[in-house]
Protein chains: 4
Amino acid sequence: MLRIAREQLAAGDDSLQLNTIARLAGVGVGTVYRHFPDRHALMEALSAERFDELVAEARAAAGEPDAVAGLHRLLRSTLACLLADPRLAAVLKSADDAEVRTSAMKAELDEVVAGLLERACRAGAVRADVGADDLRRLLCGVEHAVRAGDGDARRAQLYLDVLVVGLRPAG
Amino acid sequence: MLRIAREQLAAGDDSLQLNTIARLAGVGVGTVYRHFPDRHALMEALSAERFDELVAEARAAAGEPDAVAGLHRLLRSTLACLLADPRLAAVLKSADDAEVRTSAMKAELDEVVAGLLERACRAGAVRADVGADDLRRLLCGVEHAVRAGDGDARRAQLYLDVLVVGLRPAG
Amino acid sequence: MLRIAREQLAAGDDSLQLNTIARLAGVGVGTVYRHFPDRHALMEALSAERFDELVAEARAAAGEPDAVAGLHRLLRSTLACLLADPRLAAVLKSADDAEVRTSAMKAELDEVVAGLLERACRAGAVRADVGADDLRRLLCGVEHAVRAGDGDARRAQLYLDVLVVGLRPAG
Amino acid sequence: MLRIAREQLAAGDDSLQLNTIARLAGVGVGTVYRHFPDRHALMEALSAERFDELVAEARAAAGEPDAVAGLHRLLRSTLACLLADPRLAAVLKSADDAEVRTSAMKAELDEVVAGLLERACRAGAVRADVGADDLRRLLCGVEHAVRAGDGDARRAQLYLDVLVVGLRPAG
DNA sequence: CATGAATGAGGATTCATTCAT
DNA sequence: GATGAATGAATCCTCATTCAT
C-alpha cells in the first residue's frame, strides 16, 4: 500500500488520491481510510522510513569527535534526505503532526541536533543564536532554493556552502 | 476584481477560485476568465504592483555608491517584499510566466541585481560563483525558512544575516 | 437509471445529460459516471436490449427456408428496430464502441446477415458485391431518409421497397 | 467571414462557434450576429453557393433530351454535391429554413426534379409513387450510408447504383 | 452600423468520504 | 476488519447572447 503510494509519487503524481492508491493496491478504499485517516497521515507514514534514516544519520553525525566535521556532515546528509524525498521535507516543515510518532521523532532529531550545535558553537563554528529549530528551517529553505531552479545538482553544493559559511559567528 | 481577490487572500483563502472571486466581485465568471485565463495569470496580476515596487527598490539599492551597503539594502528590501506578499514569492519562483510583462520584469530585476552583484563581488563582499539567479533562489529559500515557523519576525533578521555572511567568499 | 434515461429520451430530450439523469433517478452524479463513463457508453447500454432483439430477429430471418423471404424479413424487421430506437441506429453506425459486448453483437449480427446474404445471392435476389456491412449502412440510410420527412410511416414501406429492388442484380 | 467559417469547417471544427469566427475574421461578435441570427442561418449562407451549383446541375440534367440519362446525371451530381459539403446535406434535410431564399431554392429544385421525374416515369425508368421530395430524402439517405463507413469512395458508386435500380418500377 | 466586453446559465467531471454488506 | 458502490458538494470552464459605447 505504501509501496503503491510511493510508486505514484515517483511517477510524478503528487495528488496522492486515496481512491487511486486503493485501486492500484488492490484493497478497498475503506481499508486505506482505516490506516490513514487523511492525506497528511499517509504522508507521514510515507516519510517515516526516511525520517528514521535521517535521525540515524543525525545521530551518527553528532557522534563524530570533531563537532565541526559532525555539523557539516549533518547538514550534508539532511539536505540529501530532503532532496531525495519531498514528503519528508513537507513533514519536517509542518507544524502539526497527525501521528504522535512523528512528533516524537521530530523531538528526538531536535535534541540530537541541539547537542551537536552546542558543541559546534563552543568550537566557534556556529553563532550562538541559532537553534536546532532554526537549523531545520534553514535547511528546508536551502532545499527550497535548490528545487526552485532546474535540477542542477551543483547548486545544491553551493547553497549548502553558503549556509555553512553563514552559520559562522558574524564578524 | 483584483481587490476582491486580495481580500480573499487576506481572509486566508489561498484557493483563489475564479468562480468565487467573480461572485464576490459581482461580475460574471466569464469576465474573470477573460481577464485571467487561469489562476497563474491572476496571481501574476495580483503581484505585478508589488513586483514594480520590488524592481524600484532593487534599482535604488543598485544605485547606492557603496556596493556592499547596496547589496544589503537589496537583500533586506527584497525579503521584506517576499514576506509581505506570498504571491510575489510564488511568481518569482515559477519557471514559466503567463504574461510577457512578468518575464520582462524578471529579466529587468536580474539585470539590475547582476550589476550590483558584480560590484559587490569586486568589493570582496560576495563570492564570485553566485549569480543573480542564485540570489533570487536563496532569498526565496530564506523567505521559506521564515514562513516555516510561527510568525516570529525576529527570525527574519537572523536568517537574512546568515545569508549575508554566507555570501562572503569562503575562507 | 436506464429507465429514467429512456423516459428522458421519450420526452424528447436527446441531450442525455448525465447530471440530469442522476438527479431524476435520485442517485448521485458519481454513480451514473461509475456505470457509464461517457454518453456513448450510456447509449450503448440503452440500446443493448433492443440490439438483442435485433440479433434475435436477424437469426430468425436467417433461419427461414426461403432465403429471399428471409432477407425481406430481415430488412423489414431491422428497419423497424432502427425506427423504433434512434439510439440503436446511432450505435449501429458508430465505428468505435465503448463496450466490448457491443462490438461482439455487431460481429454476430454481421455474421448472421452475411450468411443470409450469400444464400439470397445464390438465389439471384441480391447482387454479389453487397456485403453485410453495406447492408447495415444502406439500412441506416433508409432509416435516415424515413426520418428526414415528417413522420409519414407509409414512406418507410416505399423506401424499403426501393432498397429491396435496388439490391437485385442489375440488368 | 464566410471564408473564415469555411476554413474552420475544413479544419475539422464542426462547432461553428460564432465567437470564434468573429475573432478569426477580425470583426466583432455583434457583426456576425447581425448577419446570421443563429447558426442555422450561417449554415444556410455557407451552403447557398453550393446550393446554386446544385440547382444549376439539376437544371442541366433536366434539360437533357433523354430523361433517363438526365435522371442518372441528376442523381450522380446531387450525391457528389452532398458528399462535398455536409452543410448542404444538412440544409437539404432540415424542415424549417432560416432564410426565405433557401426555401425558394428548395422549391425551385423540387420543381425541376419533379419535371424530370415525370418524364423519367413516362419513360418507364422510375416508379410512379416516388416524388421529388422522396428523391431528395433517398439521396440524403445514400449520402448518410456513404459517410457511415470509412471514406471508401467506391461504395458511393455502389449505393448510388442500388438507388438507381431501386427506383425502377417493381416487377 | 460595428464593436467586443460582460454576462451567467449550463454542463462536464472529480474525488473525499460514508456506510451497508 | 475489509470492502467498494454510492454519494453529491464542489469546481472547472465554455459559449451563446446581449447591449452600452
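Not measured: the values here are computed from a predicted model. Because only heavy atoms are used, hydrogens play no part in the values below, and waters and symmetry mates are left out as well, while side chains stay in. Every chain is numbered from 1, with letters handed out A, B, ... down the list of sequences.
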Problem set entry | Among E:dC15, F:dT18, F:dA6, the nucleotide that comes nearest once only the side chain of C:R34 is considered | F:dA6
To check you understand the geometry: which heavy-atom pair defines the closest contact between [X] and [Y], and what is its length?
X      : Y      : result
A:H144 : B:G141 : CB-CA, 4.4 Å
D:L139 : D:T78  : CD1-CG2, 3.7 Å
B:D14  : B:L9   : CA-CD2, 4.0 Å
D:C140 : D:K93  : SG-CG, 3.7 Å

For this session: Indicate whether the side chain of D:S103 and that of D:D97 have a donor and an acceptor atom separated by less than 3.5 Å.
Result: yes
Distance check needed: [N] [atom2] versus [X] [atom1], whole Å only.
X     : N      : atom1 : atom2 : result
C:F36 : E:dA12 : CZ    : P     : 15 Å
C:Y33 : E:dC15 : OH    : P     : 13 Å
B:M1  : E:dA5  : CE    : P     : 13 Å
C:L42 : E:dT13 : CG    : C1'   : 16 Å
C:Q8  : E:dG11 : CD    : P     : 11 Å
D:D38 : F:dC15 : CG    : P     : 17 Å

Problem set entry | Under-4.0 Å side-chain N/O to phosphate OP1/OP2 contact, C:H35 with F:dA6 | yes
Exercise. Within the structure, does a side-chain N or O atom of C:R39 lie under 4.0 Å from either OP1 or OP2 of E:dA12?
Worked result: yes
For this session: Can you sort out which residues in residues 19-31 of chain A have a heavy atom within less than 4.0 Å of DNA chain F? Ascending by number, please.
Result: A:V27, A:G28, A:V29, A:G30, A:T31
Exercise. Checking D:R50 side chain against D:D85 main chain: does a donor-acceptor pair fall under 3.5 Å?
Worked result: no
Problem set entry | Donor-acceptor under 3.5 Å (C:E143 side chain, C:A89 main chain) | no
Seminar exercise, completed: The answer to which of B:Q17 and D:L18 contacts DNA chain F further toward the 5' end, by nearest nucleotide, is B:Q17
For this session: Could you pull out all residues at least two apart from D:R101 that satisfy side chain to side chain donor-acceptor pair (under 3.5 Å)?
Result: D:D52
Exercise. Would you call A:R137 and A:D133 a salt bridge, using N to O less than 4.0 angstrom?
Worked result: yes
For this session: Give DNA chain F the dot-bracket treatment, 5' to 3': Watson-Crick (N1-N3 with N6-O4 or O6-N4) or G-U (N1-O2, O6-N3) under 3.5 Å, [ ] crossing, | other strand.
Result: .||||||||||||||||||||
